[in-house]
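Here the structure is laid out as structure tokens; the discussion comes afterwards.
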Amino acid sequence: MFEDRTKKRTELGELGEFGLIDYLTRDIVYKNESTIKGVGDDAAVINNANINTLVSTDLLVEGIHFDLSYSPLKHLGYKAAVVNFSDIIAMNGTPRQLVVGIAVSNRYSVEALDELYNGIKLACDKYKVDLVGGDTTSSISGLFISLTIIGEAATEEITYRNGAKEGNLLCVSGNLGGAYMGLLLLEREKEVYKANPASQPELEGYDYILQRQLKPEARIDIIKLLKEKNIKPTSMIDISDGLASEILHICKQSDKGCNLYEEKIPIDATTILLAEEFKIIPTIAALSGGEDYELLFTIEQSDFEIVKSLEDIHIIGHITDKNSGANLITSSGAAIPLKAQGWDALKENE
Ligand code: ADP
Ligand code: MG
């Protein structure tokens, strides 16, 4: 993962607002033709000609959305940016330009903010996004980060949440529940550390799970793969809140029901092991955990033959009529109505 941050500390006051902006944006190189003007003027200029512009914003508040005691600033910047890009990707679009607003207290040094920006810039480089502007202000306490991603998609490419049709196959990329288990692991080690600061965190062997929580990726590779195979999802959403909640969004907005098969839900072996350690049913981690940032989408049945052979895409169920409801078909064959919080339903059925 990322290297340690530097020990040097420069107070924000030494640079001042403009000095800080110059410093944080000193090495930005623009990658997209549509970026006409980036940082430095009163507004960025983007020329998307006659293609659709997609816009999405995230606002992150210290203590609510992130905890710096276990998330290094570079990871935080990387994750915040990637999660923001994921919203454009879930529309089947391409993220292009990012605008970053920060409000920061003097508890933070210039070096700390540089770490945050290093994470944001790393994500921008990886996903070929241009950081074109932002705003910088002070806060009385803590750190606030606002990210606005601008993307593009041709009209016929855009996938909405409301396009699922009866008989469509329900698909998901990657595996689920890992990010949640990573969070539980970090929280456990934080408690151990609080009780005994001399203790060493026991995080060895859990790299994959920690990465799922601290350094997630947005599945731009999946939408590229589907395009390559000439498959356009009929609906799509990214998994930020957990599989159950996202499926319910698609069903509600499409006015449909679904059958989701428990045994088809992809869960990594390390997630299962850790879930057992925490006495959590792995299916529940997948259904309710969230933050996996995988893609959930529906496809036409006629695309089955192609999709079933695609790496890292799993068919987990199908869309039904609205009156059948949204159901989880358990491994034992019982149908349980899906809830945004899958916990209760599954516990009753243990
Ligand atoms: P204004 O006073 O017009 O709001 P600013 O001094 O806030 O202008 O910003 C100057 C330039 O620096 C603008 O192009 C703005 O988009 C950019 N900028 C300001 N803060 C940030 C930031 N935190 N990250 C990236 N760019 C920023
Ligand atoms: Mg400003």
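Read the numbers this way: they start at 1 and go in the same order the structure lists the ligands and their atoms.
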Can you tell me if NZ on Lys31 sees more than 12 non-hydrogen neighbours from other groups inside 6.0 Å? yes
The one among Gly40, Gly133, Gly38 that brings a heavy atom closest to atom 14 (O) of ligand 1: Gly40
Nearest candidate to atom 17 (C) of ligand 1, where distance is taken over non-hydrogen atoms, out of Ile28, Leu24, Val39: Val39
Please check this pair: side chain of Lys79 against backbone of Gln213, looking for a donor-acceptor N/O pair closer than 3.5 Å. yes
Nearest atoms (heavy-atom pairs only) where [X] meets [Y]:
X: Leu248; Y: Ala326; answer: CD2-CB, 3.7 Å
X: Ile329; Y: Ala335; answer: CD1-CB, 3.8 Å
X: Ala164; Y: Ser254; answer: N-OG, 3.1 Å

Contact (N/O only, under 3.5 Å) between Asp41 and ligand 1: yes
Heavy-atom contacts with [X] under 4.0 Å: which atoms of ligand 1 show up? List them by number with element.
X: Thr25; result: 25 (C), 26 (N)
X: Phe18; result: 6 (O)
X: Tyr117; result: 22 (C), 23 (N), 24 (N), 25 (C)
X: Asp42; result: 3 (O)
X: Val100; result: 22 (C), 23 (N), 24 (N)

Is there a side-chain hydrogen bond (donor to acceptor under 3.5 Å, both in side chains) between Thr298 and Thr234? Walk through the geometry before answering. CA-CA 6 Å; Thr298 52; Thr234 52; 2.6 Å; yes
